[in-house]
Number of protein chains: 2
Amino acid sequence: MRIRTAKDLGLLAREQRKRRGWGQAELAERVGVSRQWVVAFEGGKPGVELGLVLRTLHELGLELEIGGGEQSGGAPALESAVDLDALLERARRTDP
Amino acid sequence: MRIRTAKDLGLLAREQRKRRGWGQAELAERVGVSRQWVVAFEGGKPGVELGLVLRTLHELGLELEIGGGEQSGGAPALESAVDLDALLERARRTDP
DNA sequence: CTTAAAAGTCAACGATCGAAGACACTGCGC
DNA sequence: GCGCAGTGTCTTCGATCGTTGACTTTTAAG
């Protein structure tokens with residue numbers, strides 16, 4: 001899932017937490033933050049600290065991936081081949 | 001690229017900034033933060049605020065993607081079909 | 001080699017954070 | 001309807017943030 005805002009991320013984290021059957025208090029304990037912090041993060045608070053966010057995502061089994069990175073001045077070099085195996089492998093990991 | 005720590009992310013942001021030929025001051029101005037913040041972020045400071053991080057990544061043309069999300073208790077339900085077109089489309093957006 | 005640009009570092013300050021504690025509200029099983 | 005678990009919200013407080021300004025060090029252009 002593409003993330004652009006803190007709200008996007010918070011929503012995703014909440015969904016994943018529920019999928020795991022955890023309450024906010026349980027997640028907070030696992031991560032080592034206060035429950036209030038979890039509430040704020042899930043609510044999309046932009047001021048939350050990056051390190052805690054990363055730890056929380058890890059605890060939720062969510063993986064952060066950065067893509068993009070085109071040169072500012074023009075089109076990126078074209079890949080000459082499409083690696084279907086790699087695509088499938090990634091899809092398997094992302095949308096099991 | 002897989003991101004686990006604030007340090008990972010900061011390094012990547014620095015590389016991308018350099019690739020674009022921008023100085024820290026220029027990036028700071030584009031994002032609307034102080035140069036000191038850019039220095040701190042690139043240096044991997046975990047306390048930096050998520051909202052500013054996301055804005056910075058966007059300005060650098062980096063896309064944030066979240067994957068993973070397996071059920072905690074067992075194997076996820078298997079999809080019966082693989083949508084190659086969707087996979088390719090997503091790959092095109094993520095790794096152009 | 002010289003000099004300017006870029007990057008690193010330090011300090012002060014008002015704003016905000018995260019934690020702890022607690023109360024209010026919601027959802028659900030019995 | 002009642003009770004309990006989960007979630008939302010409020011307050012206080014010490015710690016940290018991001019900004020501004022400025023000085024130092026490193027890098028790169030000429």
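Remember, it's a predicted structure, so these values are computed and weren't measured experimentally. Letters A, B, ... are given to chains in the order of the sequence lines, protein chains preceding strands, and every chain is numbered from 1.
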Do W37(B) and T56(B) make a side-chain contact, defined as non-hydrogen atoms from C-beta onward lying under 4.5 Å apart?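 They are in contact (side-chain heavy atoms under 4.5 Å apart), so the answer is yes.
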What is the distance from [atom1] of [X] to [atom2] of [N], rounded to the nearest Å?
X: R17(B); N: dT27(D); atom1: CZ; atom2: P; value: 14 Å
X: R55(B); N: dG18(D); atom1: CZ; atom2: C1'; value: 12 Å
X: F41(B); N: dA7(C); atom1: CZ; atom2: P; value: 15 Å
X: W22(A); N: dT7(D); atom1: CH2; atom2: P; value: 13 Å
X: W37(A); N: dC17(C); atom1: CH2; atom2: P; value: 12 Å
X: Q24(B); N: dT26(D); atom1: CD; atom2: P; value: 15 Å

Which nucleotide sits closest to the side chain of L52(A): dG18(D), dG18(C), dT7(D)?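 Of dG18(D), dG18(C), dT7(D), dG18(C) is nearest to the side chain of L52(A).
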Side chain of Q36(B) only, heavy atoms from C-beta on: which candidate in dG18(D), dC10(C), dT9(D) is closest?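 So the nucleotide nearest the side chain must be dC10(C).
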Looking at K45(A), I'd like to know whether one of its side-chain N or O atoms comes within less than 4.0 Å of OP1 or OP2 on dC17(C).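 True: K45(A) side-chain N/O within range (under 4.0 Å) of dC17(C) OP1/OP2.
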Any R14(A) side-chain N or O less than 4.0 Å from OP1/OP2 of dG8(D):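 It does, given that an N or O in the side chain of R14(A) lies less than 4.0 Å from OP1 or OP2 of dG8(D).
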Would you call E42(A) and R17(A) a salt bridge, taking side-chain N to carboxylate O under 4.0 Å as the test?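 Answer for the salt bridge query: yes.
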base_contact_polar (dG21(D) base, R35(B) side chain, donor-acceptor, <3.5 Å):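 Answer no: no donor N or O sits under 3.5 Å from an acceptor.
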Touch class at under 4.0 angstrom, heavy-atom based, for K18(B) against every strand present: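 Since no nucleic acid heavy atom lies under 4.0 Å of K18(B), the category is nothing.
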Applying salt bridge (Lys or Arg N to Asp or Glu O under 4.0 Å), run through R30(A) and E26(A) and close with a yes or a no. CA-CA 6 Å; R30(A) 286 168 179 273; E26(A) 173 148 13; 3.0 Å; yes
How close do A6(A) and P46(A) get, heavy atom to heavy atom, and via which atoms?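 Here A6(A) and P46(A) meet closest at CB-CA, 3.8 Å.
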